[in-house]
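Heads up, the thing below is written out as structure tokens.
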Amino acid sequence: MKVMKFGGTSVGKPERMHEVARLVSGGKEKKIVVLSALSGTTNALVEIGQSAARFNREQAQEQINKLSDHYHTFIRQLLKTEVSQQMALGIIREHFEFLSIILRISFSESLNKDILAQGELLSTKLFSVYLEEQGIAHVLLPALEFMSIDAEDEPQLDQIRNRLTPLLAKYSDTDLFITQGYICRNAKGEVDNLKRGGSDYTASLVAAAVQASVCEIWTDIDGMHNNDPRIVKKTIPVEQLSFDEAAELAYFGAKILHPTCIWPAQQQNVPVKLLNTMQPSAAGTVIQKTASSSGVKAIAAKDGIIAINIKSSRMLLAYGFLRKIFEVFEKYKTSIDMVTTSEVAVSVTIDSGSNLKKILRELEPFGITEVEEDQTIVSIVGNEIAETEDVLGKIFEALSHVPVRMVSYGGSKHNVSILIPSAYKIKTLQSLNKGLFGLE
Ligand code: ASP
Ligand code: MG
């Protein structure tokens with residue numbers, strides 16, 4: 001069994017959806033295909049939810065009508081026969097009527113989750129109609145029957161497996177299954193989701209649950225690149241990464257893969273392949289247990305970082321100081337990315353300022369705090385990079401004109417991270433591309 005996940009842009013145009021159908025049909029192995037909503041849909045649904053939350057029904061209805069028009073145009077190009085057109089029209093009607101009805105019910109967060117779920121429900125059902133029209137045998141598996149999260153919003157891999165296994169066994173002659181990414185049920189049994197971009201997570205969880213031979217993530221670039229192609233001119237695809245390397249890259253800003261999606265595949269040792277729908281025969285990137293080689297593989301950058309420095313003479317020779325500081329961040333569910341300490345000061349970085357004021361107030365008793373916003377973490381990732389000769393030398397040489405604020409080295413063997421003011425990001429990525437990869 002293999003899992004294939006297609007993102008919003010891969011299904012966002014009728015001709016792209018046709019291409020997805022070609023990619024998933026044929027071949028010997030059984031497949032579970034996970035689809036995102038058509039590109040733009042989830043954003044539109046978020047806006048509809050926001051209008052509903054403000055009780056602006058007219059605006060919400062306008063937004064619903066606009067989205068509905070988009071789907072009507074979409075199916076006209078997606079489908080050929082009158083029978084399938086009628087089926088698709090029925091599906092569109094059902095889901096958009098549901099959205100309109102929701103407007104009349106008093107708004108709540110759980111209702112909002114229902115609104116957000118419509119995108120994946122629509123994309124999979126319309127894709128199923130197209131497959132039907134093409135005579136491609138398949139079964140549509142409702143994700144809401146097996147995907148679940150607990151009260152802490154954490155996916156329940158064991159339960160997912162326990163529900164999915166008999167469901168698949170019921171259709172033992174079927175070779176092709178289609179299901180929704182992103183959506184799930186929560187601890188109360190309500191419709192919920194795995195957060196924005198969560199379809200990758202669904203794919204990885206499903207792949208882990210069924211012990212798939214591979215979890216393929218299909219997007220519109222040929223795998224993970226060694227640097228951000230939007231910022232540096234010359235980048236090269238990375239052929240192979242270990243799970244640890246991929247996790248560091250995804251977490252530190254490489255946009256291609258959702259960071260949470262690594263652990264389920266890693267836990268069950270299912271290789272993840274990043275492939276390109278525009279160039280299906282390209283090698284892409286394989287993420288698996290062991291790294292093929294050591295040395296620098298890629299650079300990623302994460303913006304919107306806030307650095308907090310806490311200086312206190314009381315820290316001198318004291319123990320328990322770091323714990324007390326970390327507890328403040330824990331209390332406000334704010335995760336720390338980088339830490340550096342000296343005998344009398346500690347610097348940490350966070351990527352969310354939503355509780356910054358409260359955190360700073362609680363840090364006051366520990367010393368003087370200083371905050372620097374608009375910082376960027378640049379991560380240089382590669383297997384055993386920390387032990388690779390010359391890497392540090394090359395990094396610092398490349399950065400001789402960049403005001404580096406923090407350096408994190410030695411926490412992981414596969415990562416060296418630096419913190420810089422965001423204004424220096426372009427310069428930093430370009431200099432590192434040259435210094436580490438010899439690419440302009
Ligand atoms: N449709 C959802 C989103 O846009 C999930 C996904 O695409 O992965 O966030
Ligand atoms: Mg997406």
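Side chains included, hydrogens not; waters and symmetry mates left out as well; all remaining heavy atoms used. Note that ligands are numbered from 1 as they come in the structure, with each ligand's atoms numbered from 1 the same way.
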Taking only heavy atoms of R196 into account, list the atoms of ligand 1 that are under 4.0 Å away from them. 3 (C), 4 (O), 9 (O)
Any idea which atoms of ligand 1 are less than 4.0 Å away from a heavy-atom of S36? 6 (C), 7 (O), 8 (O)
Can H95 and Q118 be counted as having a side-chain donor-acceptor contact under 3.5 angstrom? yes
Between the side chains of Q266 and D244, does any donor sit under 3.5 Å from an acceptor? yes
Identify all side-chain donor-acceptor contacts of residues 80-94 below 3.5 Å with residues at least two apart in sequence or on another chain.
| from | atom 1 | to | atom 2 | distance (Å) |
| --- | --- | --- | --- | --- |
| T81 | OG1 | S84 | N | 3.2 |
| T81 | OG1 | S84 | OG | 2.3 |
| T81 | OG1 | E133 | OE2 | 3.3 |
| E82 | OE2 | Q86 | NE2 | 2.9 |
| S84 | OG | E133 | OE2 | 2.7 |
| Q85 | NE2 | I75 | O | 3.4 |
| Q85 | NE2 | L79 | O | 2.9 |

Check this for me - ligand 1, [X], N or O atoms closer than 3.5 angstrom, yes or no?
X    : answer
K5   : no
Y182 : no
S199 : yes

Give a yes or no on whether a salt bridge exists between E190 and K113, defined as a side-chain N under 4.0 angstrom from a carboxylate O. no
Strictly under 4.0 Å, does any heavy atom of [X] approach an atom of ligand 1?
X    : value
E120 : yes
G198 : yes
G181 : no

Centroid-to-centroid, F177 to H138, below 6.0 Å? no
Please output the side-chain donor-acceptor pairs of residues 270-283 that fall under 3.5 Å, not counting sequence neighbours, one pair per line with the distance.
| from | atom 1 | to | atom 2 | distance (Å) |
| --- | --- | --- | --- | --- |
| N276 | OD1 | M278 | N | 2.9 |
| T277 | OG1 | R16 | NH2 | 2.8 |
| T277 | OG1 | T219 | O | 2.9 |

